[in-house]
There are 2 protein chains.
Amino acid sequence: MASTSPESAAATETDGSIQIRRLELADHERGFVSLLSQLSSCPDLTASEFAARFAELAAHGDDHVILVAEDPSAQERRILATGCLFVERKFLRGGGKVGHVEDVVVDATARGKGLGLRIVRRVVEIAREAGCYKVILDCTPELRAYYAKCGFVEKGVQMAVYF
Amino acid sequence: MASTSPESAAATETDGSIQIRRLELADHERGFVSLLSQLSSCPDLTASEFAARFAELAAHGDDHVILVAEDPSAQERRILATGCLFVERKFLRGGGKVGHVEDVVVDATARGKGLGLRIVRRVVEIAREAGCYKVILDCTPELRAYYAKCGFVEKGVQMAVYF
């Protein structure tokens, strides 16, 4: 099991037939990149490009966690949903840590089953266990109510410069 | 000069008497933590706590840059402003990178001199040079116009869970 942090099994959770677990290298073959393309422009990566990025992120250990949802009993083990947490270490708040949630997406064929909420709630729990004093994310205004179901409240505006 | 990445001199910029440069270990003695306390709860760190966090962040090299503003000719070399950039590596966008701007603050005695804008513009330039496809930040609605001066446009809402 080539997860980003094999020693941390705490991310794995099974509810019904769908399992939430950490990203594995083999998920490149299970449509992980194609799933992300439902969120943003996402040209496929070659196996070696995927492996290189996977290794870069794995080097962060538990400071960078990508969760995926899959049905291990399905004939074709496609990734059905994903969400990412990375931990930022700061000088303020007594050397505090902030969890950033990124790249949450549920496959169009798997929506309405609560998979996204399961992933986000697990991500929040991981951030709490890691000692973060808060966990934050940016989303469109339409998703306020969705994230409110996981305990998020609106705090500010997101600004961006695109190059 | 113990900067977070001594080999990268590109962050240093001088305009008038105020210099923008990367954070140094010695900035603990120059009021860096006390400056952050104008932004958020920020109990002081001991010298060894500060050095430990400094080393953790320096390990990220150019993926984590803290800029500070100071007047090197001043008798007391206090840090007058700061801003942080960290680079997040993704699988989407062909293995793209996003710059996150955090913890921008100008000392109450040094406001109105454009120091914050100089730091944010430099941070945006570093993100561009690093190959990021965008740079993002979260702020209060009142600061929209401030960040618009650096080319930022509103993209979404920030949501948070506090523990």
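Chain letters run A, B, ... following the sequence lines, proteins first, then strands; residues in each count from 1. Given the structure is predicted, the values throughout are model-derived calculations rather than measurements.
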(request) Take B:H28 and A:F91, measure what ring-ring contact (aromatic ring centres under 6.0 Å, His included) needs, and give me the verdict at the end. (result) CA-CA 10 Å; B:H28 183 235; A:F91 284 102; 8.7 Å; no

(request) Sort B:A127 into side chain, backbone, both or neither according to what part of it lies under 4.5 angstrom from a heavy atom of chain A. (result) both

(request) Select one option (side chain, backbone, both, neither) describing which atoms of B:F32 are under 4.5 Å from chain A's heavy atoms. (result) side chain

(message) I'd like to know if the side chain of A:R53 and the backbone of B:K90 have a donor-acceptor N/O pair within less than 3.5 Å.
(response) yes

(request) Identify which of B:V98, B:V124, B:D103 forms the greatest number of heavy-atom pairs closer than 4.5 Å to chain A. (result) B:D103

(message) Testing the basics here: between A:H64 and B:R89, what is the closest heavy-atom pair and its distance to 0.1 Å?
(response) NE2-O, 4.2 Å

(request) Among A:C150, A:A148, A:C132, A:G99, single out the residue with the greatest number of heavy-atom pairs under 4.5 Å to chain B. (result) A:C132

(message) Taking side chain as everything from C-beta outward and backbone as N, CA, C, O, which of these in B:T140 sits under 4.5 Å from a heavy atom of chain A? Side chain, backbone, both or neither.
(response) backbone

(request) Check the surroundings of atom NZ in A:K155: do more than 12 heavy atoms from other residues, nucleotides or ligands lie under 6.0 Å from it? (result) no

(message) Which atoms of A:V153 are under 4.5 Å from chain B, going by heavy atoms: the side chain, the backbone, both sets, or neither?
(response) both

(message) Using every non-hydrogen atom in the two residues, find where A:R144 and B:M159 come nearest and quote the distance to one decimal.
(response) O-CE, 3.5 Å

(request) Calculate, to the nearest 0.5 Å, the distance between atoms CD and CG belonging to B:Q38 and A:L92 respectively. (result) 12.5 Å

(request) Nearest 0.5 Å please: distance from the CD atom of A:Q158 over to the CD atom of B:E154. (result) 9.0 Å

(message) I'd like to verify something: which residue of B:L36, B:V101, B:D138 has the highest number of heavy-atom pairs under 4.5 Å with chain A?
(response) B:D138

(request) Could you tell me which of B:E49, B:H100, B:E102 has the largest number of non-hydrogen atom pairs under 4.5 Å with chain A? (result) B:E102

(request) Answer with side chain, backbone, both or neither: which region of B:L137 has an atom nearer than 4.5 Å to a non-hydrogen atom of chain A? (result) both

(message) Between A:G94, A:P141, A:C84, A:S37, who has the most heavy-atom pairs with chain B when the cutoff is under 4.5 Å?
(response) A:G94

(request) With a 4.5 angstrom heavy-atom cut-off, could you sort out which part of B:V135 is near chain A: side chain, backbone, both or neither? (result) both

(request) Against chain B, label A:L143 side chain, backbone, both or neither, depending on which of its atoms sit under 4.5 Å from a heavy atom there. (result) neither

(request) For each of B:C139, B:S40, B:A52, tally heavy-atom pairs with chain A at distances under 4.5 Å, and name the one with the top tally. (result) B:C139

(request) For this output row, return yes or no: ring centroids of B:F152 and A:Y162 closer than 6.0 angstrom. (result) no

(request) Looking only at non-hydrogen atoms, find the nearest pair between B:I136 and A:A160 and report the distance. (result) CG2-CB, 3.7 Å

(message) Between B:E88 and chain A, with a heavy-atom cut-off of 4.5 Å, which part of the residue counts as in contact: side chain, backbone, both or neither?
(response) side chain

(message) Using the rule that Ile, Leu, Val, Met, Phe, Trp and Tyr join whenever any side-chain heavy atoms are under 4.5 Å apart, tell me whether A:F163 and B:F86 fall into a single cluster.
(response) no

